[in-house]
J.: 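What follows is a single structure, and I will ask about it in a moment.
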Amino acid sequence: MQNYQSIKESLINLEKEIQEKISSIIDVEHLKELYQDILGKKGRITEILKQLKDLSPEEKKEIGIIANQLKDQLTVLFKEKQVELEKKEIQESLQKEFFDILRPIKNRVGRIHPLSQIQYEVEDIFINMGFQIMEGPEVELDEYNFGKLNFTDDHPARDMQDTFWTEEGFLLRTHTSSVQVRAMEVLKPPFKIIVPGRVFRYEETDASHENTFYQLEGMMVDKNVSTANLIYIMKTFLSTFFEKDVTVRLRPGYFPFVEPGFELDIQCLICSGKGCQVCKYSGWVELLPCGLIHPNVLKAGGIDPQIWTGFAFGMGLSRLVMMRHSIEDIRHFLSGNIRFLEQF
Ligand code: DAH
């Protein structure tokens with residue numbers, strides 16, 4: 001009898017104990033351990049039932065019913081707890097590991113390439129002075145790049161501009177001057193144009209040479225255009241661009257398509273002409289070649305040089321950007337290096 005009572009009590013106590021234990025468990029792993037402890041083959045219920053052997057058949061039957069009910073109840077409790085814990089674990093891992101495939105990797109804002117930024121700025125300054133913008137083809141005919149610009153077939157100046165040729169006999173324009181005669185053919189003088197664009201040279205690359213770079217050609221055709229007009233326009237442009245009064249000087253320079261031809265220097269903006277590293281202690285920085293348009297070029301463009309005159313200049317746009325931002329290597333521009341580009 002004693003035995004029967006104590007077995008019955010331990011079964012009832014077990015139920016309370018398990019209910020408390022289950023409610024404090026926080027993961028599936030521990031829940032499984034507890035299940036084995038209680039309902040497993042060597043679990044506590046099995047242990048308790050082993051003591052039944054000394055009981056009478058009625059007692060055994062009664063305890064058996066209680067034990068089976070307990071097993072069923074506990075099994076339901078474990079199952080419910082397991083579902084609850086698994087739900088919680090899935091939710092936690094979703095929160096931790098959720099990966100939104102549509103989310104941008106990093107909120108990078110695009111920006112305008114430094115060359116384009118300065119190109120637009122220079123364009124605005126010239127537009128304010130009444131210039132219009134023109135474009136021309138990058139794959140060009142020899143005659144526009146050289147012939148009509150007064151480079152005869154055997155002219156040594158052709159060698160100054162190492163050229164990429166296509167198998168069909170076209171070339172990649174070596175300078176934006178190739179658009180000079182194209183413009184003359186379509187515009188009626190007087191006109192003032194600038195031509196920004198990409199040019200190509202078959203060159204060894206280094207910090208100041210690249211096979212692909214940017215120029216900005218300028219040209220004014222009108223009656224009585226003189227070097228004075230050229231100097232005025234250049235000075236106005238440069239003072240606006242550099243936001244200070246710029247002093248310029250002209251030295252003679254040779255290009256077949258201008259006569260006279262010049263190299264335009266500006267007084268060093270860093271030392272105001274006193275001499276520093278940037279101007280190599282000369283006080284002057286070489287900026288762009290220019291000149292008065294050669295009569296042969298005007299003729300090639302169908303313009304009468306007896307009536308019309310003009311000036312032209314060829315600015316290295318890449319070089320201008322390098323000066324503005326103190327960029328030491330021209331190869332950065334087309335390197336596609338985002339860390340370089342993000343600075344501007
Ligand atoms: N096109 C020449 C070059 O790339 C530069 C040049 C010189 C352009 C004199 C001009 C000019 O318009 O007048 O070497």
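Note that this is a predicted model, so its numbers are computed, not measured. Both counts, for ligands and for their atoms, begin at 1 and track the order of listing.
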J.: Could you tell me whether Ser177 approaches ligand 1 through its side chain, its backbone, both or neither, with non-hydrogen atoms closer than 4.0 Å?
T.: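 Near ligand 1, Ser177 shows its side chain, while the N, CA, C and O stay back.
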J.: Do Arg324's NZ or CZ and the ring of Phe241 fall within the cation-pi criteria of under 6.0 Å and 45°?
T.: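 Output yes; distance and angle both within limits.
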J.: Suppose I only count heavy atoms of Gln180 and a 4.0 Å limit; which atoms of ligand 1 are within that range?
T.: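 Ligand 1 atoms under the 4.0 Å threshold to Gln180: 12 (O).
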J.: For ligand 1, does Met219 get within less than 4.0 Å through its side chain, its backbone, both, or neither, judged by non-hydrogen atoms?
T.: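 Answer for Met219: neither.
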J.: Can you list the ligand 1 atoms lying under 4.0 Å from a non-hydrogen atom of Ala312?
T.: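 Every atom of ligand 1 under 4.0 Å from some heavy atom of Ala312: 12 (O), 13 (O).
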J.: Quick one: are the ring centres of Phe164 and Phe200 less than 6.0 Å apart?
T.: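 No, the ring of Phe164 stays outside the 6.0 Å limit from the ring of Phe200, centre to centre.
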J.: Would you say the side-chain atoms of Lys8 pair up with the backbone N or O of Glu62, donor to acceptor, closer than 3.5 Å?
T.: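 Pair absent, no side-chain N/O of Lys8 close to backbone of Glu62.
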J.: Any N or O of Gly218 that comes nearer than 3.5 Å to an N or O of ligand 1?
T.: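 Among all N and O atoms of Gly218, none is under 3.5 Å from an N or O of ligand 1.
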J.: Do any nitrogen or oxygen atoms of His175 come within less than 3.5 Å of a nitrogen or oxygen of ligand 1?
T.: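 Indeed, backbone or side chain, His175 has an N or O that close.
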J.: Verify, without hydrogens or angle tests, whether Arg173 (side chain) and Arg198 (backbone) share a donor-acceptor contact under 3.5 angstrom.
T.: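 Answer holds: yes.
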J.: Under 6.0 Å between ring centres, would you say that holds for Phe126 and Phe313?
T.: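 Yes - the distance between ring centres of Phe126 and Phe313 falls below the 6.0 Å cut-off.
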J.: Quick one: which of Phe255, Phe262, Phe311, Phe257 has a heavy atom closest to atom 10 (C) of ligand 1?
T.: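 Going through Phe255, Phe262, Phe311, Phe257 one by one, Phe257 has the nearest heavy atom to atom 10 (C) of ligand 1.
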J.: Using only atom types and a distance under 3.5 Å, with no angle test, would you say the side chain of Ser24 pairs donor to acceptor with the backbone of Lys21?
T.: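 Yes.
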J.: Enumerate the atoms of ligand 1 whose separation from the nearest heavy atom of Gly291 is less than 4.0 angstrom.
T.: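 The list of qualifying atoms is 13 (O).
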J.: Roughly how far, to the nearest 0.5 Å, is CD1 of Ile266 from CG of Leu287?
T.: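 Answer for the CG-CD1 pair, Leu287 versus Ile266, is 5.0 Å.
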J.: Considering only non-hydrogen protein atoms, determine which one is nearest to atom 12 (O) of ligand 1 and report residue, atom name and distance to 0.1 Å.
T.: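 Among all protein heavy atoms, the one nearest atom 12 (O) of ligand 1 is Glu217 OE2, 2.7 Å.
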J.: Just verifying a value: how many Å separate Lys16 NZ and Gln19 CD, rounded to the nearest 0.5 Å?
T.: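 If I round to the nearest 0.5 Å, the distance is 9.5 Å.
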J.: Taking salt bridge (Lys or Arg N to Asp or Glu O under 4.0 Å) as the test, write out the residues that go with Asp329, two or more places apart.
T.: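 Scan of Asp329 (salt bridge (Lys or Arg N to Asp or Glu O under 4.0 Å), adjacent residues dropped) gives Arg331.
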J.: For ligand 1, which atoms have a heavy atom of Arg201 less than 4.0 angstrom away?
T.: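 Those atoms are 3 (C), 4 (O), 14 (O).
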J.: Specify side chain, backbone, both or neither for Glu263, according to which of its non-hydrogen atoms lie closer than 4.0 Å to ligand 1.
T.: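 For Glu263, no heavy atom sits under 4.0 Å from ligand 1.
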J.: Are the side chains of Thr176 and Tyr214 in touch, meaning some heavy atoms are under 4.5 Å apart?
T.: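 Not in contact.
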J.: In the protein, what heavy atom is nearest to atom 14 (O) of ligand 1, and what distance, to one decimal place, separates them?
T.: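 Residue, atom and distance for the closest contact: Gln161 NE2, 3.4 Å.
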J.: Which ligand 1 atoms, with their elements, are less than 4.0 angstrom from a heavy-atom of Pro289?
T.: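 What qualifies from ligand 1 is 5 (C), 6 (C), 7 (C), 9 (C), 11 (C).
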J.: Quick check on Gly261 - does any of its heavy atoms sit under 4.0 Å from an atom of ligand 1?
T.: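 Checking ligand 1 against Gly261, which is what was asked, there is no heavy-atom contact under 4.0 Å.
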J.: What atoms in ligand 1 come closer than 4.0 Å to a heavy atom of Val258?
T.: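 Close to Val258: 13 (O).
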